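The shown structure was predicted, so the numbers you read here are calculated from the model rather than taken from an experiment.
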Amino acid sequence: MRTRVRGWRWRENPLRRRSDVVEAWAALFVAVLLLVGAPLAGTVAARWAHSEAEATATAQRADRHSVRAEVVGAEPDRVPAAQSGRTHGYRTTVRWTEPSQETRTATARVPAGTRHGDSVEVWFDSRGRNVAPPPDALSVWQYTVTMGVCGTGGAVALILLGRSVAGHVATRHRLAEWEEEWTRTEPVWTRRRWA
């Protein structure tokens with residue numbers, strides 16, 4: 001049966017070594033870092049990611065516009081296979097009328113299953129290239145949360161790695177202390193004298 005005494009590293013006793021006190025302070029420091037520092041790092045990463053994502057979404061909303069277009073191109077003979085339950089689109093020719101009553105034609109990606117004559121929403125940038133729609137508010141928040149979680153996880157991993165390295169160094173130092181003390185104590189206990 002093993003008896004465990006809480007806080008023995010903090011109490012004065014003749015068996016406590018300097019390395020025990022250092023290890024106790026290191027454990028307290030690691031606990032504070034894990035409880036305060038890691039969430040703070042995640043929050044900073046999330047705030048940065050949110051501002052970057054918002055700026056990108058705003059810039060894309062200003063640069064991109066959607067049009068309601070009619071599919072005039074032929075459907076491909078073979079539509080790409082769906083992966084992970086998602087359907088893939090394909091590129092085909094679409095036609096739409098601008099507000100100035102000018103008819104435009106371009107190649108754009110349309111959802112799978114779209115047929116000739118169907119009306120679809122397509123997005124173009126200021127240069128007239130077919131692009132994906134700008135990120136919506138949900139996408140911005142998903143990115144924010146993902147970066148916050150990754151920031152927190154990275155901070156936790158870094159803290160635990162530092163704790164592991166410090167624990168390894170402390171163990172080596174403690175073993176060296178014990179070896180030195182045994183070198184002084186062994187002759188007294190065994191009545192041997194070193195020449």
Side-chain angles (χ1 to χ4, degrees), residues 29-168:
F29 183 67
V30 166
V32 168
L33 282 177
L34 286 173
L35 295 175
V36 177
L40 184 62
T43 302
V44 168
R47 289 179 63 95
W48 170 81
H50 185 74
S51 66
E52 288 293 316
E54 273 295 323
T56 300
T58 302
Q60 287 183 0
R61 281 187 211 112
D63 182 56
R64 297 175 180 188
H65 65 282
S66 69
V67 295
R68 200 80 189 149
E70 179 186 355
V71 176
V72 294
E75 184 178 350
D77 293 337
R78 190 170 151 225
V79 178
Q83 295 176 343
S84 328
R86 292 178 18 187
T87 57
H88 289 286
Y90 61 93
R91 297 187 72 76
T92 189
T93 306
V94 296
R95 181 178 51 216
W96 71 97
T97 304
E98 292 282 345
S100 64
Q101 301 304 319
E102 179 185 347
T103 301
R104 304 267 318 259
T105 304
T107 300
R109 182 169 293 280
V110 297
T114 304
R115 307 237 182 259
H116 182 80
D118 287 353
S119 180
V120 294
E121 182 180 35
V122 292
W123 286 82
F124 295 97
D125 64 7
S126 58
R127 296 183 199 163
R129 295 178 301 187
N130 179 231
V131 292
D136 59 353
L138 179 62
S139 297
V140 169
W141 278 106
Q142 285 175 335
Y143 180 72
T144 300
V145 170
T146 300
M147 292 303 290
V149 168
C150 288
T152 302
V156 166
L158 192 63
I159 291 166
L160 293 178
L161 177 66
R163 168 64 178 103
S164 175
V165 169
H168 182 69

| remark: Of all heavy-atom pairs linking Gly42 and Thr152, the shortest is CA-OG1, 3.1 Å
| query | Below 4.5 Å, heavy atoms only, C-beta onward: do Phe124 and Val131 meet side chain to side chain? | reply | no
| Over all atoms of both residues, closest heavy-atom pair of His65 and Asp125 | CE1-O, 3.9 Å
| field | Working for side-chain contact (heavy atoms from CB on, under 4.5 Å), residues Ile159 and Val30 | value | CA-CA 7 Å; Ile159 291 166; Val30 166; 4.0 Å; yes
| task | Using atom types as modelled and distance alone, determine if a side-chain donor or acceptor of Thr58 lies under 3.5 Å from a backbone N or O of Glu54. | result | yes
| field | Minimal non-hydrogen separation, Arg64 against Trp123, with atom names | value | CB-CE3, 3.9 Å
| task | Please report the shortest heavy-atom distance between Leu34 and Ala38, naming the atom on each side. | result | O-CB, 3.8 Å
| query | Counting N and O atoms only, with roles assigned by atom type, does the side chain of Arg61 sit under 3.5 Å from a partner on the main chain of Pro135, one being a donor and the other an acceptor? | reply | yes
| With a 4.5 Å limit on heavy-atom distance, are the side chains of Val67 and Arg104 in contact? | no
| Would the number of heavy atoms belonging to other residues, nucleotides or ligands and lying under 6.0 Å from CZ of Arg47 be above 12? | no
| Looking only at heavy atoms, what is the nearest atom pair of Ala53 and Val140, with distance? | CB-CG1, 3.9 Å
| said: Would you say that His50 contacts Trp141 through its side chain, given a criterion of any heavy-atom pair below 4.5 Å between the two side chains? | reply: yes
